[in-house]
Structure formats: C-alpha cells, structure tokens
S.K.: 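Dumping the structure here so I can ask a few things about it.
All heavy atoms count here, side chains included; hydrogens, waters and symmetry mates do not. All figures in this text were calculated on a predicted structure; none of them were measured in a lab.
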Amino acid sequence: MNGTSEGPPPPAVTAPGRARTAVTQRRPPDPADYRAAFTGAPLPLAVVDLDGLVVCANDALAELLGSAADALAGRAAADLVDLASDARAWHAYREVLRGRQAKLRCTRRLKHPDGHSLWVQVTVQPMPDSTGGGDGERAVLLSAADISARRELQARLRHVQMHDPVTRLPNRNLFFERLASALEAGAYDDTSTGRIGLCYLDLDGFKAVNDTLGHRIGDRLLAAVAGRLTHCADEAGYGGASAPLVARLGGDEFALLVEESTGTEQLADLAEAVLKALREPFDLSGQRLSVSASIGVVERRAAGTTTTGLMQAADTTLYWAKTDGKARWTLFDPERNAHRMTRQALASSLRPAVERGEFVLDYQPLVGLADEDVRGVEALVRWRHPQFGLLTPNRFIQLAEEDGSIVQLGRWVLRTACRQARRWQLAHPERDPVFVSVNVAVRQVWDSDLVADVAEILAETGLPAELLQLELTESAVMGSAGRPLQALQALSDMGVQIAIDDFGTGYSNLAYLSRLPVSVLKLDGSFVRGFQYEEGEAHLNPADELIVEALVQLAHRLGLTVTAECVETASQARRLRRIGCDTGQGWLYSRAVSPDRISALLRGAP
C-alpha cells in the first residue's frame, strides 16, 4: 500500500471565478452538409472538372440560365457563360484549369432562353480536393452573379453623364471619347477609308436671343436646332450606323463627327444641308425665330491626326467662317492656316525682336521732279527675322499696332533715322542737307508722348527739326481732334514737317487741309499708275491726270508741297512735272536701299 486509495480521480482545479466546462469530442463535418449548402446557395455555382465540364450545378445557376440543374451536368462550362468568345478570358480560364492562375473574373452578357439579356460577373477559382468533383480529383468552382440591375443603373448614370440635358444630344465628354476612339491606330484597317471629318458650328446671334427672350426660349431653340441637326445626320447616314455623331459641345456650339469619311465633298454636302435646315424659321410657343450658323469643316486622314490637332483646325476654320461673313461654311485651308500661324509667331516675337536689334532701316530717295536731285529720303523699316528672313513692313506693322509694340518700334525707327540723317548732313556739307521722312502710326500719338519723344531725339542726335518729316496716313489725320491734333500742332510749331501719306484713298475731306498743320501731301500711287502710257498711245485714264492736276493746284494755293508715290517710268515723271508736282518717289529713281547707297547718291555716284 502506498497510502493512496483507489477510486474516482480528484476534481480538476480551476481558476477562481471560472465555470467548469465539459470536454466534448467535435464531430467531423458531414459531406452531405456541404452538398446541401451548395445546392441551396443563393449565388449561382457550378463545380467544373479540369476538362472544363460541369460536374454539378446548383439551383440558382440553373434558374439563372433557364435550365434544370441536372441538365447542366456534363456540359462545357465555358459555353454556359460565353467564355470562349473573348480570347483574353478564354486564355485566363484555361490557365486556371491548368493550375497556372489563381483566379479569373470577367463580365459577360448572356442570352436567356426566354429572350431577355442579362449581365453576369463570372468568377472561376480552384477549390480544395476534399470538395472537388468526387473521388478526390481536383476541380474549380465557377460562380455567376447576376449584375444586370447594377449594369442598368451604371448605364443610366453614364447616359446622364454623357448627354446634354437640354438637347438630349451627346455632350462634349461623349464626343471626345468617340473622337479619340476613331483616331486610335487600330480603329481603321485596309477595308476602311481611314479618313475622318468634322463640321464644327455655332449659331450666329444666339446671345441676342438669350438676352432678349430669356434662357427658357434659348434652351427651346437649342433643342429645336438639335432636332434639325439630328435629322440632317440621319439623312446623311441613311438612318444607319454610319450616320454622323451629333453632339452639343457647350453653349450654342455643336459638332457633327463623320467617321469613315469619303472626302471633302461629303463634308461639304453635310454642311450645306445643315445651313439649309437652319435657314427655315423656328416656331417656339408663338415666338417665330430665324437663326443662321457658321460652320468650320475639316476633313483629313485619321492616321497621324490627334484630337487636339483636329479641334484646333476646326476652331480656326469656324473663326474664318465668322470673319468671312457668317451664315456660311468654310473648309480648312492649310496655306491659310500656315499664314495665321506665321502671323501668331511674328506677333509673339515682336517685342523681343526690338530689344534684340533685329530691325534695320532702308531708305528710298525723294527726288525733285524739276532737277531730279535728291531732296530727302523715306525711312522704311525691315525685320531680319531669324526664321522667316527679311520681312517688309506690310508683314508686321499691323501686328505691332495691334499689340502696342509699335510705340517701342516707332521710337527706335525715329531715333535711328534721325541719327542717320545727321550723319549725312555732316558728311556732305557741300550740298543742301536731305530731310528724312518717318512713318508714324496713330497709336504712337495716343499711347506715347510723341512730342516729347521727337524733342528728345532731335536734341540727342543734333538733327535740325526742319530736316525731319513725319508721315501719317490720310485716314489717321482727317478728322483728328483732341490729343492727336494738339500733338500735330506742337510738332509743327517745333519746325517738324507733317505729311499726309496715301492722300486720295481715305476720307478726302479737303476742308481739313486748311485746318491741319500739314506741309506735304503724298499722292497715293493709284493715281500715278493711271499715267502709265508711252508717247503716241492713248491715255489709260484721263480722269486721273485731271484729279492729280487739281490736287496739285489746290495744295499749292494752300502753301503745301506735293510728292507723287510709285513713279516708275519716265513718261509718268514728265506728266507729273508738267502739272507742277514737286517731288517724286518710286523705282524710276531708286528702290529702298541701304544708308551706304544713299551716301553714294549724295556724292553723285551712279
């Protein structure tokens, strides 16, 4: 005996406050439970063997596919959920069956036996051997969730997002999506035209409709316009899938996108149809409205075309249609666009060009008709552009006036010309000094203190005021009042000569000649060209000679001298001399030349 007694074991010791629990044996799960859960699951399911055949399917999948569960066994799972129609999904599905990929998830559109369509999200993934297709073989589990309601909601939301609420047309989001898709490299092949066309339009005067009749009528007008545009598109595409896409891009701007364009003639016909359709009046709740449209038309190969490039071309062409008179369509012209791009390039580099010293002056002699001696020179600015070469004033002066750089450029021209005239005066003391004539833009009078600039430059260069002549165009001088007239008077009082350039082409209000501080009239070259004849031939335009003679006589009676521009032949010079014209300027005497060449002329060199 060892002091212990046989009997039941002592009670187990438990921690204070914890209840005693009985230890039970856990029962292994019954495979029947899994089968019941599989069969009754609300998610459509199927077990698929490694050959891709359905081992078993639950009732939810059978109901989804409109079949009996037993009838699905043995069928190819890929056929049931249309996996083979998509190469990418088909490849991924086979990789899952082979154990090389963990999961496949894709969305498929299925046709139910009763005729309606449904969208399902298909998921295929391996399942453990213990729940496989029987006999311990490996298998995969396929699920097919019905997402038709979700897709329908997404489609409605997308429609709202991609369509204009006023016109019900596609909006700019959908338009640019379609355009980008049409321009993708894979969007066209050998069987397609490989071309794309666009009619980009806006309504002429639509803002006035909104402002006078209100936005409600304006919106109704936009909706009515959209209807007519859609009708034009349907007729152009014969109501089929090839009909142009009509979109509202915003405000009163619309676009008709022609994919697979057959050429500019097709786009021209479409634009003409749109103009004709919109020409008919609109009846809106008793309001009878008439509108027109301006249309920019672009047609080109899709290859190499970008969305940005196409829209820039369309916007430019619409602008041309507006500036050409509205209520018309205009086809994109590469040459016209190149000129516009050059113009923009010049405008953007004008101011820096003055600072970089890219401008030079040439001088054209002003010759006395009586003795053919050089009396003065006109300074003509040239731009030695690093990209476009030597540019004459007609290429950039208007741009300089538009952006205000004419003030800076004009000040440089004035200073350079006065400095050069002073050099000639000092270099040729044996002869009467020549004056220099400088063109002045109206904006220089308004945007700068021209009087102060002239006084400063004359003092700086030492040129006498009477050797400076300032030329202003007739349209700028006639009708001058206020500051311009005061400036001209102050310059005249200073001794500077004031000349009216291109006289006879502007207002021609002769009454102003007696009121303005003008000392010189420069007759426009169009009059002198009427003198173009040889001895013994009939005069081309006798009226021109009579007009010039009358103007010369009037100018002389007012104490003015007269310069004739564009003198090109000796016969013209003789007729001008006979009627009393004072000086001539033109190719008969010299083109605009460098300062060195003028120096040679002043020395009497040929």
Side-chain angles (χ1 to χ4, degrees), residues 361 363-371 373-381 410-411 413-425 428 431-442 444-445 448-478 480 484-504 506 510 512-524 551-552 554-565 580-585 592 598 602:
L361 291 184
Y363 300 88
Q364 187 171 31
L366 295 150
V367 176
L369 289 171
D371 56 11
D373 187 33
V374 178
R375 302 287 179 80
V377 294
E378 180 181 354
L380 298 171
V381 64
R411 192 177 289 122
V413 170
L414 185 62
R415 176 175 283 104
T416 304
C418 288
R419 185 180 293 120
Q420 182 61 60
R422 177 58 173 166
R423 289 190 187 126
W424 285 323
Q425 183 187 20
H428 303 280
R431 58 159 296 149
D432 291 337
V434 296
F435 66 88
V436 64
S437 190
V438 177
N439 292 277
V440 175
V442 177
Q444 289 177 257
V445 182
S448 69
D449 192 341
L450 181 62
V451 177
D453 287 344
V454 170
E456 177 186 339
I457 290 172
L458 290 177
E460 173 189 321
T461 60
L463 183 71
E466 61 269 19
L467 294 183
L468 174 62
Q469 177 175 287
L470 299 181
E471 294 186 22
L472 290 89
T473 60
E474 177 185 353
S475 57
V477 174
M478 296 304 179
S480 293
L485 180 57
Q486 294 170 5
L488 294 179
Q489 188 62 59
L491 290 167
S492 179
D493 293 342
M494 192 185 301
V496 175
Q497 305 297 304
I498 305 296
I500 300 178
D501 195 16
D502 300 330
F503 187 79
L510 300 178
Y512 272 96
L513 290 178
S514 62
R515 306 174 192 173
L516 293 171
V518 175
S519 53
V520 180
L521 293 185
K522 295 190 70 175
L523 296 180
D524 183 72
L551 289 175
V552 169
L554 174 63
H556 286 170
R557 289 185 179 182
L558 294 174
L560 309 178
T561 61
V562 180
T563 297
E565 299 180 301
C581 190
D582 300 291
T583 56
Q585 177 182 2
I598 296 295
L602 295 179

S.K.: Does V377 reach the side chain of L366, with side-chain heavy atoms less than 4.5 Å apart?
M.R.: no
S.K.: Give the minimum heavy-atom separation between V436 and A417, together with the two atoms involved.
M.R.: CG2-CB, 3.8 Å
S.K.: N439 vs L380, test: side chain to side chain contact (heavy atoms under 4.5 Å, CB included). Steps then yes/no.
M.R.: CA-CA 8 Å; N439 292 277; L380 298 171; 4.2 Å; yes
S.K.: What verdict does the side chain to side chain contact (heavy atoms under 4.5 Å, CB included) test give for V438 and V413, after you've listed the backbone C-alpha separation in whole Å, the side-chain angles of each residue and the deciding distance to 0.1 Å?
M.R.: CA-CA 8 Å; V438 177; V413 170; 3.9 Å; yes
S.K.: Checking R422 now: which residues fulfil salt bridge (charged side-chain N to carboxylate O under 4.0 Å, His left out) with it, not counting sequence neighbours?
M.R.: none
S.K.: Can you list the steps and then say if E378 with S437 is a side chain to side chain donor-acceptor pair (under 3.5 Å)?
M.R.: CA-CA 5 Å; E378 180 181 354; S437 190; 5.7 Å; no
S.K.: Apply side chain to side chain contact (heavy atoms under 4.5 Å, CB included) to residues V367 and T583 and explain how you reach the verdict.
M.R.: CA-CA 5 Å; V367 176; T583 56; over 6 Å; no
S.K.: Between the side chains of E466 and Q497, does any donor sit under 3.5 Å from an acceptor?
M.R.: no
S.K.: Can you list the steps and then say if L488 with L472 is a side chain to side chain contact (heavy atoms under 4.5 Å, CB included)?
M.R.: CA-CA 10 Å; L488 294 179; L472 290 89; 4.0 Å; yes
S.K.: Taking all non-hydrogen atoms of both residues, which atom of L369 and which atom of G584 are closest, and how far apart?
M.R.: CG-N, 3.8 Å
S.K.: If I compare all heavy atoms of A421 with all of L463, which pair ends up nearest, and what's the gap?
M.R.: CB-CD1, 3.8 Å
S.K.: How far apart are the C-alpha atoms of Q444 and D453, what are their side-chain angles, what is the distance that settles it, and do they pass the side chain to side chain donor-acceptor pair (under 3.5 Å) test?
M.R.: CA-CA 10 Å; Q444 289 177 257; D453 287 344; over 6 Å; no
S.K.: Rounded to the nearest 0.5 Å, how far apart are CG of L470 and CG of L414?
M.R.: 6.5 Å
S.K.: For D373, enumerate each residue passing the salt bridge (charged side-chain N to carboxylate O under 4.0 Å, His left out) test, keeping only those at least two apart in sequence or located in another chain.
M.R.: R431
S.K.: Under 6.0 Å between ring centres, would you say that holds for Y363 and W424?
M.R.: yes
S.K.: Quick check for you: to the nearest 0.5 Å, what is the distance between D524 atom CG and I500 atom CD1?
M.R.: 13.0 Å
S.K.: What distance separates L560 CG from L554 CG, expressed to the nearest 0.5 Å?
M.R.: 8.0 Å
S.K.: Identify the two heavy atoms, one from P464 and one from L458, that lie closest to each other, and give their separation to 0.1 Å.
M.R.: O-CD2, 4.4 Å
S.K.: Tell me if a side-chain donor or acceptor on T461 pairs with a main-chain N or O of I457 at a distance below 3.5 Å.
M.R.: yes
S.K.: Not counting sequence neighbours, which residues clear salt bridge (charged side-chain N to carboxylate O under 4.0 Å, His left out) with E456? List them please.
M.R.: R415
S.K.: Any side-chain to backbone donor/acceptor pair from D582 onto V562? Under 3.5 Å, distance only.
M.R.: yes
